[in-house]
Amino acid sequence: MSLVACMKGYVQRIVAGAGPGIKALLLDSETSTIVSLALPMSALRSLEVFLVSRIDARGEPLLEAKALVFIRPTASSVQALCKELRDPRFSKYYIYISNVLDPKDFQSIAAADVAHSVVELKEVFADVYALDPHFFVLNIPRCLQPEWDTPALVRATQGLRSFLLAFDKHPVIRYSARSALCETLAHRVVSVVQQDVPSDRPTLLILDRRMDLLTPILHQYTYQAMVHDLIGIANNIVDLSSAKDADEDMRQAVLSAAQDDFFARNMYTVFSETLLAMDELRTQSKQVRADEKDLAKQARSFSDIKRFFDNYANYKDITKKFELHTRLTQEILHLERQAKLMAVITDLETVLLTDNDGSRVVKKLTAAISAGMHPDEALRIGMQALVRAGPRSGQRDAIVAAMTAVCGPTASKIASGLTSLMASPAATSPAELFKRVLTGLYKSDKELEIAYTQHTPLLATLLHDAVQGRLSQAEYPFVEAAGSFRPARELYIFIVGGATFEEAKTVAFFNDAHAAQGWTAFLGGTSLTGFKDLVSELS
């Protein structure tokens, strides 16, 4: 099962449902992103979609075209659809709602169809942002609050329901007992998911981000995670607008494993290995460029010209990939040098992981911050020191003072917010969290292994316990009495407060390692999170 393939299939069926002929695809602000993650624009054009527009953007009438409407069941989107139907611009409307539609909204749409132009109205379950085949988010910000914000809870419930219905799954639902947020969401999902189901059932495990506050603030050293950590990724779009000498056509670049085979092969490799793979891509690009020139020079017949154009698409594809990944790797190296990542920061992170004396570790990190470093790194190292020390440590004031001296008064606010998260009942104690980190460093002929390349998120332990049937029912209770059922070898993990690319990698590796035993895991989160995302929420 692949989430990206599932979402792609839904979009293709939406487009195919109207039959042959020119079509316009009308989307809202959220479904436009859902579609772009599933299919590139070129694929839509090949399906006779000549116009992609927002449902709330009025344009000229195009009565010769059919309108494919794909929206979320929100009040604003339904209202925009009703406005469109009262004054239709297209000959026919095929309407698809990304989740369950409220009966009142159905009646409103029917009443607005004054021209009887609606041919079809269907619910499809494509209501998540599929970043990778096994990883989705819902783009709900700021969920690390004492209680759910009502719109956020509704969206989280709808998103999980859509995910489950997309695969026609009816899981047993478990949650972190220490988190009121998880308990509330678990009960809401149970109330909207059918329970009268066969005995083989997967497990949906709802977790709280506060269980592992270490993973989002660590430097990551795999390619995808480094791009997100240092540059930034949102909905598989990399923002290079602030990069030095960024080309106009590369300020916003798509970075998707589904659309880029080089990235698919290297997204989880350590960055140094990605640079080696870039050498191979460079050689391939040069060879393709040389072949393209030779074909152009030697073209004499119609078949030669046809062969040239057949190869041209491949040439452009490889060239485009090479240019994109060259730009990304150069920017990562630039930012790495600017932050003294390899020269200073990794040594401090190694101390954080390898020294069992927590008090001594915090003193070393605090002294390093006071000695001077890039403000972003001072903030990160300070946050790591706070997590290592714990919410009630006597060293907290010294850490915050060092952070504030380098980063300004905002650091104090961020430190206060982080301390509150660590003091929550849902948080894991520093002693328990750090003992799960693998710290066996070793020297090789080529390099000293970076400690954080061996960091294992807490999620890895939970996956292992689930496979072994050792998830504690006291820590992760069932929402309802489980009754008689056979657990299917499928795990759905959802993290309130956001999931990281490092955790997505953990799930991908789990799937590879357990494929022979028939296990499959998916990871979801209220959002994609990382160091900058957490800092934004805390500030």
Side-chain angles (χ1 to χ4, degrees), residues 3 129 131-137 144 205 207-236 238 255-257 263-274 328 332 335-336 339 341 345-346 349-350 352-353 377 380-381 383-384 387-388 421 428 433-439 449-464 491 493-513 521-537:
L3 259 178
Y129 299 89
L131 302 184
D132 291 317
H134 58 280
F135 181 34
F136 72 93
V137 295
L144 293 176
L205 179 60
L207 304 174
D208 192 306
R209 176 72 271 162
R210 290 168 291 189
M211 70 170 184
D212 179 4
L213 290 167
L214 182 62
T215 296
I217 61 176
L218 301 182
H219 272 297
Q220 304 299 342
Y221 293 93
T222 52
Y223 187 33
Q224 182 188 47
M226 284 192 81
V227 173
H228 179 57
D229 189 32
L230 298 178
I231 303 173
I233 304 176
N235 300 317
N236 287 353
V238 182
L255 192 63
S256 167
F263 183 61
R265 291 193 302 272
N266 292 281
M267 58 195 290
Y268 297 137
T269 61
V270 177
F271 185 61
S272 58
E273 295 178 10
T274 306
L328 288 174
I332 288 173
L335 294 172
E336 180 185 86
L341 184 56
I345 304 304
T346 53
E349 293 178 334
T350 299
L352 177 73
L353 290 170
E377 295 307 319
R380 187 193 296 259
I381 293 296
M383 291 172 70
Q384 292 173 3
V387 171
R388 186 74 160 92
L421 294 182
T428 305
L433 191 58
F434 275 83
K435 78 178 181 180
R436 298 173 187 269
V437 176
L438 300 178
T439 56
E449 185 75 35
I450 299 170
Y452 274 48
T453 65
Q454 300 180 38
H455 162 254
T456 302
L458 185 61
L459 178 61
T461 301
L462 297 180
L463 288 169
H464 177 75
L491 298 170
I493 313 295
F494 187 79
I495 303 179
V496 177
T500 67
F501 277 130
E502 178 70 9
E503 287 158 332
K505 182 194 77 173
T506 297
V507 170
F509 283 8
F510 169 88
N511 287 336
D512 288 345
F522 287 88
L523 175 65
T526 49
S527 63
L528 172 65
T529 194
F531 170 67
K532 293 177 183 177
D533 308 286
L534 187 58
V535 165
S536 176
E537 179 156 352

Participant: Rounded to the nearest 0.5 Å, what separation is found between the CZ atom of F271 and the OH atom of Y223?
Facilitator: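 OH of Y223 is found 7.0 Å from CZ of F271.
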
Participant: Can you measure from CD1 (I495) to OG (S527) and round to the nearest 0.5 angstrom?
Facilitator: 10.0 Å

Participant: Please identify each residue that fulfils salt bridge (charged side-chain N to carboxylate O under 4.0 Å, His left out) with R210, with sequence neighbours left out.
Facilitator: D208

Participant: Between NZ of K532 and NE2 of H228, what distance do you get to the nearest 0.5 Å?
Facilitator: 8.5 Å

Participant: What's the spacing between D512 CG and H134 NE2 if we round to 0.5 Å?
Facilitator: 9.0 Å

Participant: So, using side-chain hydrogen bond (donor to acceptor under 3.5 Å, both in side chains) as the criterion, who are the partners of Q224 when residues are at least two apart?
Facilitator: D132

Participant: Is there a side chain to side chain contact (heavy atoms under 4.5 Å, CB included) between L3 and F135 once you walk through the steps?
Facilitator: CA-CA 7 Å; L3 259 178; F135 181 34; over 6 Å; no

Participant: State which residues pass salt bridge (charged side-chain N to carboxylate O under 4.0 Å, His left out) with E377; sequence neighbours excluded, sorted by chain then number.
Facilitator: R380

Participant: How about L459 and V507: do any of their side-chain heavy atoms sit closer than 4.5 Å?
Facilitator: yes

Participant: Taking all non-hydrogen atoms of both residues, which atom of M383 and which atom of F531 are closest, and how far apart?
Facilitator: SD-CE1, 3.6 Å

Participant: Give a yes or no on whether the backbone of A499 and the side-chain of T529 come within a donor-acceptor separation of less than 3.5 Å.
Facilitator: no

Participant: Residues in ring-ring contact (aromatic ring centres under 6.0 Å, His included) with F494, at least two apart?
Facilitator: none

Participant: Going by heavy atoms in the side chains, are I332 and I231 under 4.5 Å from each other?
Facilitator: yes

Participant: Mind checking side-chain hydrogen bond (donor to acceptor under 3.5 Å, both in side chains) for N511 and listing every partner two or more places apart, or none if nothing turns up?
Facilitator: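 N511 satisfies side-chain hydrogen bond (donor to acceptor under 3.5 Å, both in side chains) with no residue once adjacent residues are dropped.
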
Participant: Residues in side chain to side chain contact (heavy atoms under 4.5 Å, CB included) with T269, at least two apart?
Facilitator: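 Only N266, E273, T274 meet the side chain to side chain contact (heavy atoms under 4.5 Å, CB included) criterion with T269.
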
Participant: Answer yes or no: is there a side-chain heavy-atom contact under 4.5 Å between T456 and T461?
Facilitator: no

Participant: Restricting to side-chain hydrogen bond (donor to acceptor under 3.5 Å, both in side chains), what partner residues turn up for N236, sequence neighbours left out?
Facilitator: none

Participant: With distance as the sole test, does T526 use its side chain to make a donor-acceptor pair with the main-chain N or O of G497 at under 3.5 Å?
Facilitator: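 Such a contact is found between T526 side chain and G497 backbone.
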
Participant: By the definition side-chain contact (heavy atoms from CB on, under 4.5 Å), identify the one residue from V387, L214, L433 that meets it with T428.
Facilitator: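 Looking at V387, L214, L433, the match for T428 under the side-chain contact (heavy atoms from CB on, under 4.5 Å) is L433.
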
Participant: Mind checking whether I233 and F501 have side chains closer than 4.5 Å, heavy atoms only?
Facilitator: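 Yes, their side chains come closer than 4.5 Å.
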
Participant: First locate atom CG of L131, then atom CG of L255, and finally report the distance between them rounded to the nearest 0.5 Å.
Facilitator: 11.0 Å

Participant: Please tell me if the side chains of L144 and L534 come closer than 4.5 Å, counting only heavy atoms from C-beta onward.
Facilitator: yes

Participant: Mind checking what makes side chain to side chain contact (heavy atoms under 4.5 Å, CB included) contact with T215, not counting sequence neighbours?
Facilitator: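 With neighbours one apart ignored, the set is R209, D212, Q220, H455, P457, T500, E502, E503.
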
Participant: Using 0.5 Å steps for rounding, measure from the CD1 atom of I493 to the CG atom of L462.
Facilitator: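 Answer rounded to 0.5 Å: 7.0 Å.
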
Participant: Would you please test L528 and Y129 for side chain to side chain contact (heavy atoms under 4.5 Å, CB included) and show each step?
Facilitator: CA-CA 10 Å; L528 172 65; Y129 299 89; over 6 Å; no

Participant: Which residues pass the ring-ring contact (aromatic ring centres under 6.0 Å, His included) test with Y268, not counting sequence neighbours?
Facilitator: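 Partners of Y268 by the ring-ring contact (aromatic ring centres under 6.0 Å, His included) criterion, ordered by chain and then number, come out as F509.
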
